[in-house]
A.B. asks: 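Once you've had a glance at the structure underneath, I'll fire off some questions.
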Amino acid sequence: MKTNLLDFDLDGLVAWCLTQGEKKFRAVQLFRWIHHKGVEDFAQMTDLAQSLRSKLQDHADILALPVISRHDSADGTIKWMFDVGQGNAIETVFIPETDRGTLCVSSQAGCAVGCPFCSTGAQGFSRNLSTAEIIAQLWYAERTLRQERGVDERVISNVVMMGMGEPLQNYSALVPALKTMLDDHGYGLSRRRVTVSTSGVVPMIERLGQDCPVALAVSLHAPNDALRDELVPLNRKYPLDELLQTCRDYLAHAPRDFITFEYCMLDGVNDSDEHAEQLIRLVRPPHGEPTPCKFNLIPFNPFPASGLLRSPPERVKAFAALLSEAGIVTTIRKTRGDDIAAACGQLAGDIQDRTDVSGRRAKTIRIHA
Ligand code: SAH
Ligand code: SF4
């Protein structure tokens with residue numbers, strides 16, 4: 001069995017190279033070939049000794065994920081579906097903007113948190129992705145986009161862990177993938193340009209702050225525990241008080257001086273003026289510590305089984321206005337890639353997705369413009 005080198009961050013690759021009797025600087029060269037230059041063929045790694053190249057050919061490979069499908073949107077958004085075996089598929093979305101290119105990356109096949117407005121949650125949990133499967137999404141997208149554009153410089157400037165899955169419930173695979181994204185010999189992304197989005201796994205937020213503090217987005221979706229218990233079931237374990245305290249503590253390590261709160265706007269569920277007032281009190285309590293934050297309101301993308309509806313645009317605007325008037329920076333997320341079914345929130349990456357490839361079953365996934 002060969003070792004998939006995509007499974008290693010630089011420290012891991014150094015350790016592996018040492019087991020092969022190779023020095024540290026060889027690992028750095030190899031890491032640069034793989035991630036910086038996007039090369040998969042050891043024969044092309046011309047500054048490595050022939051003896052090392054043949055050793056690599058015998059014992060290692062750079063194994064990307066098989067592509068099931070690709071859809072290109074009129075607005076430039078690209079969605080790939082990758083096969084992760086046993087009937088499971090995951091999706092990755094590239095969102096080009098004038099000043100940046102963002103890749104939305106999946107961390108699990110399915111998700112165990114079970115938020116009722118998310119079809120990944122409705123589908124249940126299949127399994128964690130490995131580090132290789134997480135980083136392969138970036139490796140493949142970056143390499144493909146560079147080739148297509150005929151450029152050598154980086155195309156993807158930002159990564160958001162906002163695809164399928166709860167990244168902080170796959171912590172041990174996530175961290176080496178993040179480190180590879182940040183490594184100057186890897187993708188060289190700055191910490192502010194790599195965002196982990198979480199439904200609020202409190203102990204893992206704390207660990208992330210110690211191990212690899214990148215930008216943090218927290219999926220709030222409700223201004224009180226009773227409602228959040230329903231919308232984000234993990235809240236029953238880690239209630240709002242605890243979550244917000246952890247967010248404030250995270251800022252001591254974070255590359256930004258605020259937390260982004262995501263808030264999915266659900267008609268008649270969490271979108272009233274009273275909910276907005278409660279939110280303001282939650283993050284700016286009259287007698288407690290404020291939580292430095294920005295809000296990102298996401299219009300809900302409905303899927304049939306949810307029984308939920310998107311808040312009307314006027315409601316979203318009025319809600320945003322209340323937060324803004326209270327001095328909280330609030331944006332409304334644009335939906336991108338609708339025409340290729342790549343808008344926020346409706347992924348069910350199981351075998352049934354393959355029917356979608358042939359156009360028989362409509363399906364969308366979340367993206368973040
Ligand atoms: N599990 C992580 C990251 C993936 S979800 C998390 O929950 O944060 C990324 C974002 O998409 C989350 O804010 C999530 O709440 C939102 N989302 C999920 N389903 C959605 C839907 N149907 N419409 C709009 N946003 C949705
Ligand atoms: Fe999981 Fe996030 Fe979907 Fe909730 S919103 S079910 S945490 S992927």
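Order of appearance sets the numbers: ligands from 1, and atoms from 1 within every ligand.
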A.B. asks: Enumerate the atoms of ligand 1 whose separation from the nearest heavy atom of T198 is less than 4.0 angstrom.
C.D. replies: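 By the 4.0 Å cutoff, the relevant atoms are 6 (C), 8 (O).
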A.B. asks: Check if G165 has a non-hydrogen atom at a distance under 4.0 Å from any atom of ligand 1.
C.D. replies: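 Contact present.
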A.B. asks: Output yes when the distance from some N or O of ligand 1 to some N or O of F117 is under 3.5 Å, and no in every other case.
C.D. replies: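 N/O-N/O distance below 3.5 Å exists for this pair.
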A.B. asks: Without hydrogens or angle criteria, can the side chains of N170 and S107 be said to hold a donor-acceptor pair below 3.5 Å?
C.D. replies: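 Looking only at side-chain atoms, S107 and N170 do not form any donor-acceptor pair under 3.5 Å.
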A.B. asks: How about N224 and Q278: does a side-chain donor come under 3.5 Å of a side-chain acceptor?
C.D. replies: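 Present: a donor and an acceptor within the cut-off.
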A.B. asks: Counting heavy atoms not belonging to K2, are there more than 12 under 6.0 Å from its NZ?
C.D. replies: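 Yes, the 6.0 Å shell around NZ holds more than 12 heavy atoms from other groups.
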A.B. asks: Can you see whether T180 engages D9 through a side-chain donor-acceptor pair at a distance of less than 3.5 angstrom?
C.D. replies: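 Their side chains do not contain a donor-acceptor pair, so the 3.5 Å distance test is not met.
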A.B. asks: In ligand 2, which numbered atoms sit nearer than 4.0 Å to a non-hydrogen atom of G121?
C.D. replies: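 Answer, ordered by atom number: 6 (S).
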A.B. asks: Is a salt bridge present between E22 and R53, judged by a nitrogen-to-oxygen distance below 4.0 Å?
C.D. replies: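 R53 and E22: not salt-bridged.
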A.B. asks: Looking only at non-hydrogen atoms, which of I298, L168, V201 approaches atom 16 (C) of ligand 1 most closely?
C.D. replies: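 That would be I298.
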A.B. asks: What's the verdict on side-chain contact (heavy atoms from CB on, under 4.5 Å) for V155 and E148, showing C-alpha distance, side-chain angles and the deciding distance?
C.D. replies: CA-CA 11 Å; V155 179; E148 286 174 5; over 6 Å; no
A.B. asks: Please list, in number order, the atoms of ligand 1 under 4.0 Å from a heavy atom of G163.
C.D. replies: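 By the 4.0 Å cutoff, the relevant atoms are 4 (C).
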A.B. asks: I'd like to know whether ligand 1 has S119 as a neighbour, heavy-atom separation below 4.0 Å.
C.D. replies: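 Heavy atoms of S119 never come under 4.0 Å of ligand 1.
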A.B. asks: Indicate, as side chain, backbone, both or neither, the part of T120 found under 4.0 angstrom from ligand 1 when only non-hydrogen atoms are considered.
C.D. replies: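 No part of T120 comes within reach of ligand 1.
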A.B. asks: Can you confirm whether K317 is buried at NZ, in the sense that more than 12 heavy atoms of other residues, nucleotides or ligands lie under 6.0 Å from that atom?
C.D. replies: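 12 or below, so no.
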A.B. asks: Are any N, O or S atoms from C115 nearer to atom 1 (Fe) of ligand 2 than 2.8 Å?
C.D. replies: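 No, outside the cut-off.
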A.B. asks: Consider every N or O of C264 and every N or O of ligand 1, then say whether any pair is closer than 3.5 Å.
C.D. replies: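 Checking ligand 1 against C264, no N or O pair falls under 3.5 Å apart.
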A.B. asks: When you check the side-chain N and O atoms of Q245 and R248, is any donor under 3.5 Å from an acceptor?
C.D. replies: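 Judged by distance alone, the side chains do pair up.
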A.B. asks: Using a strict 4.0 Å cut-off to heavy atoms of C118, name the atoms of ligand 1 that fall inside it.
C.D. replies: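 Within the 4.0 Å cut-off of C118, ligand 1 contributes 18 (C), 19 (N).
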A.B. asks: Using a 4.0 Å heavy-atom cut-off, which part of E262 comes near ligand 1: side chain, backbone, both, or neither?
C.D. replies: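 Only the side chain of E262 comes within reach of ligand 1.
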A.B. asks: Charged N to carboxylate O below 4.0 Å: is that the case for E142 and R146?
C.D. replies: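 Looking at E142 and R146, the cut-off is met.
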A.B. asks: For ligand 2, which atoms, with element, lie under 4.0 Å from some heavy atom of S199?
C.D. replies: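 Checking each atom against S199, I get 7 (S).
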A.B. asks: Check each heavy atom of H221 against ligand 1 and say whether those closer than 4.0 Å belong to the side chain, the backbone, both or neither.
C.D. replies: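 The answer is the side chain.
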A.B. asks: Below 4.0 Å from ligand 2: does a non-hydrogen atom of G165 turn up there or not?
C.D. replies: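 The answer is yes: ligand 2 sits under 4.0 Å from a heavy atom of G165.
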A.B. asks: Report, one line per pair, each donor and acceptor closer than 3.5 Å where one atom sits in a side chain of residues 200-218; sequence neighbours left out.
C.D. replies:
from: D211; atom 1: OD2; to: Y171; atom 2: OH; distance (Å): 2.6

